[in-house]
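As structure tokens, the structure follows; a few thoughts come after it.
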Amino acid sequence: MAIQPWFTDAKLGIFIHWGIYAVDGVQESWSFYDDIVPYDRYMSQFDRFTAARYEPGDWAKLFARAGARYAVLTSRHHDGVALWDTAHGDLNVGRDLIAGYADALREQGLKVGLYYSHSDWSHPDYASTRKPGRPPELEDNRYSEVAAEDEDPAAWERFLGYRDGQIRELTSCYKPDLLWFDGEWDRSEEQWRIPELAALIRSEVPDVVFNARMLSEGDYATPEQGAPVVPPDGPWELCLTINDSWGHQHHDHNHKSVDQLIRYFAETIGGGGNLLLSVGPREDGTIPAEQAERLEGLGDWIAKHAEAVYGTERGLPAGHHYGPSTLSKDRRTLYLTLFDAPRAEINVRGLLGGVRRVTVLGSGRELAHRITGGLHETPGVLWIEPPTGADLDPHATVLAVELEGELELYRGSGRF
């Protein structure tokens, strides 16, 4: 099944890691799994998780101003705590924090994504089996597995029933456009019963999009934190934190600058991907000002350069231009991103065919251009007059190179 076109056209999504872990500002789920925080202390955050200032409409308006076309909210992390009043399992916040989020996103024209972890390290039936082929000499984690001799197939069946019950609630109540799964490493595809799970979901939302952590049923690759040097083939998404943490951690003030976020974004869409940028709301539901300001800054840049963002495809492969680029859907306009003020002409190598004109996005100024060199099948080099002064964007300047025909590239090595 081909991926839904809205996903590859979206370019920017917002990842929202929100849960009881925001109360003390500890790492979501892993803090007790890795014995950094005792389990009882981790769960004691429950009573202090208020969502007292949660305004999903404000979230959705901020995300829209950032230029996002979708968002993904952690409906349940590995800790098992559900953000809706689920009838399955005992861990939930006692009210529905998802319905308002879904309604607010749709009111702003954004697609609705929900994160759901395959794993649940709090469920009494979860640590009832182990992944096939796991070496017996590796130490078992009490939250996720048992020794081979203690496996309990009936308990695992009960867990899958619980999992399916929650998934039915999420799909029937909120009709998500995207389901972002996690925790797949804990078990095999056969143990998760991935094809059956996908069929269950599609019975409610036939056009849903899955990330790669739905294994054989996944629609797109999901690199995390590290921007790929060689972009994946096909659709993909880079999930990235604004600081160093997914959820809210009081001590983490190491926020990426707007400049850095624009670079991540431009390089990601230039490689044909989406950027899924994570925010960590406080326990009361407010998004920290430092994160909101960065979303606003990214959104201002995107709005100015929307022509080079939406409705584009991955741009030139490495080696043709010193920086990322995108290509219009009709393949007749290249958009070149310049992160630094150029000190000399900008060059593009390997273009087969002529260039009609070159302009600066945002100002509309036309720049002189010329082609030099070339021999036989090897094309010459395109040289573009460097923009200066007010034509330079303070973060990243984008040039629109209008071609005389559809983009064709020379990828050879020249005459030997």
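Sequential numbering from 1 along the given sequence is applied to the chain's residues. Fair warning: this is a prediction, and the values are worked out from it, not measured in the lab.
A ring-ring contact (aromatic ring centres under 6.0 Å, His included) with Y220 is found for exactly one of F210, W180, F7, namely F7. A ring-ring contact (aromatic ring centres under 6.0 Å, His included) with W18 holds for exactly one of Y101, F49, W246; it is F49. Among W121, Y143, Y42, the single residue meeting the side chain to side chain contact (heavy atoms under 4.5 Å, CB included) criterion with D79 is Y42.
Side-chain polar atoms of Y335 and E307 form a donor-acceptor pair below 3.5 angstrom. Side-chain contact, Q166 with Y116: a donor N or O sits under 3.5 Å from an acceptor N or O. In summary, the side chains of D391 and S363 do present a donor paired with an acceptor at a separation below 3.5 Å, with no hydrogens or angles considered. Side chains of H17 and T74: a donor-acceptor N/O pair is absent below 3.5 angstrom, by distance only. Looking at T241 and N243, their side chains never bring a donor and an acceptor atom within 3.5 Å of each other. Between the side chains of E169 and W84, at least one donor N or O lies within less than 3.5 Å of an accepting N or O. Using modelled atom types, one finds no donor on one side chain facing an acceptor on the other under 3.5 Å when comparing R168 with S172. Residues S144 and Y33 have side chains that bring a donor and an acceptor to within less than 3.5 angstrom of each other.
Summarising the geometry, atom CZ belonging to R53 is positioned 5.0 Å from atom OG1 belonging to T286; distances are rounded to the nearest 0.5 Å. Remark: E366 CD to R356 CZ distance equals 9.0 Å, nearest 0.5 Å.
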Are V360 and L367 close enough, and set up right, to give a side chain to side chain contact (heavy atoms under 4.5 Å, CB included), and what steps lead you there? CA-CA 8 Å; V360 181; L367 301 175; 3.8 Å; yes
Verdict with reasoning, E385 to R370, per salt bridge (charged side-chain N to carboxylate O under 4.0 Å, His left out): CA-CA 9 Å; E385 172 193 0; R370 61 195 174 97; over 6 Å; no
Under the side chain to side chain contact (heavy atoms under 4.5 Å, CB included) criterion, do V72 and L114 qualify, and how do the steps go? CA-CA 5 Å; V72 178; L114 294 176; 5.9 Å; no
Give the intermediate values and the outcome of side-chain hydrogen bond (donor to acceptor under 3.5 Å, both in side chains) for residues T129 and E145. CA-CA 5 Å; T129 187; E145 59 192 344; over 6 Å; no
I would like to know whether L12 and N274 meet side chain to side chain contact (heavy atoms under 4.5 Å, CB included); could you show each step before the answer? CA-CA 5 Å; L12 178 66; N274 291 351; over 6 Å; no
Applying side chain to side chain contact (heavy atoms under 4.5 Å, CB included), run through V355 and L382 and close with a yes or a no. CA-CA 9 Å; V355 173; L382 169 66; 4.0 Å; yes
Can you list the steps and then say if D177 with R106 is a salt bridge (charged side-chain N to carboxylate O under 4.0 Å, His left out)? CA-CA 10 Å; D177 302 288; R106 290 188 168 118; 3.6 Å; yes
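The shortest side-chain heavy-atom distance between L83 and R76 does not fall under the 4.5 Å cut-off. Side-chain contact between L240 and S278 is absent, with no heavy atoms from C-beta onward closer than 4.5 Å. L295 is listed as a side-chain neighbour of I242, based on a closest heavy-atom distance under 4.5 Å. Using a 4.5 Å heavy-atom threshold, the side chains of D284 and Y54 count as separate. Counting heavy atoms from C-beta on, the side chains of V348 and V381 never come closer than 4.5 Å. With contacts defined as side-chain heavy-atom distances shorter than 4.5 Å, the pair N347/I384 does not qualify. By the 4.5 Å heavy-atom criterion applied to side chains, K11 and R69 are not counted as neighbours. Using a 4.5 Å heavy-atom cutoff, the side chains of V81 and F46 are in contact.
W30 has its ring centre less than 6.0 Å from the ring centre of H78.
Listed for the R314 side chain is a donor-acceptor partner under 3.5 Å among the backbone atoms of G234. Judged by distance alone, with hydrogens and angles left aside, the side-chain atoms of Y162 form no donor-acceptor pair with the main-chain N or O of Y126 at under 3.5 Å. Under the 3.5 Å distance criterion, the side-chain polar atoms of H321 are matched with a main-chain donor or acceptor of T337. The closest donor-acceptor contact from the side chain of W301 to the backbone of A396 lies under 3.5 Å. Distance alone, capped at 3.5 Å, places no donor-acceptor pair between the R332 side chain and the S328 backbone. In this structure a side-chain-to-backbone donor-acceptor pair under 3.5 Å is missing from R294 to L261. The backbone N or O of E406 sits nowhere less than 3.5 Å from a side-chain atom of R331 that would complete a donor-acceptor pair. Judged by distance alone, with hydrogens and angles left aside, the side-chain atoms of E293 form no donor-acceptor pair with the main-chain N or O of E290 at under 3.5 Å. E28 places no side-chain N or O within 3.5 Å of a backbone atom of G19 that could act as its donor or acceptor partner. Judged by distance alone, the side chain of H320 and the main-chain N or O of R349 form a donor-acceptor pair under 3.5 Å.
Here the closest heavy-atom approach between residue P386 and residue A344 is recorded as CB-O, 3.5 Å. Taking every heavy atom of both residues into account, H248 and P281 meet most closely at CB-O, 3.3 Å. Contact detail for A308 and I269: the closest heavy-atom pair is O-CD1, 4.2 Å. Taking all atoms of both residues into account, the shortest heavy-atom contact from V23 to H250 is O-CE1, 3.2 Å. Across all non-hydrogen atoms, the minimal contact from C239 to T222 is SG-CG2, 4.2 Å. Contact detail for F32 and S122: the closest heavy-atom pair is CZ-OG, 4.4 Å.
Residue Y322 qualifies as open at atom OH: its count of foreign heavy atoms under 6.0 Å is 12 or below. Atom CZ of R365 sits in a sparse spot, with 12 or fewer heavy atoms from other residues, nucleotides or ligands closer than 6.0 Å. Residue K131 qualifies as enclosed at atom NZ: its count of foreign heavy atoms under 6.0 Å is above 12. No more than 12 heavy atoms of other residues, nucleotides or ligands sit less than 6.0 Å from atom CG of D90.
The pair K329-E313 does not meet the salt-bridge criterion, since no charged nitrogen lies less than 4.0 angstrom from a carboxylate oxygen. For D125 and R158, the salt-bridge test passes: some basic side-chain N is under 4.0 Å from an acidic carboxylate O. Residues R48 and E283 are not paired through a salt bridge, judged by the lack of any N-O separation under 4.0 Å between the basic side chain and the carboxylate. Under the 4.0 Å criterion applied to side-chain N and carboxylate O atoms, R357 and E402 are assigned as salt-bridge partners.
Under the salt bridge (charged side-chain N to carboxylate O under 4.0 Å, His left out) criterion, the residue pairs touching residues 238-265 are R263-D340, with sequence neighbours excluded.
Figure legend: R213 and Y115 shown without cation-pi pairing, the cationic atom not lying both under 6.0 angstrom from the six-membered ring centre and within 45 degrees of its axis.
Scanning for salt bridge (Lys or Arg N to Asp or Glu O under 4.0 Å) contacts around E107 gives an empty result, with sequence neighbours left out.
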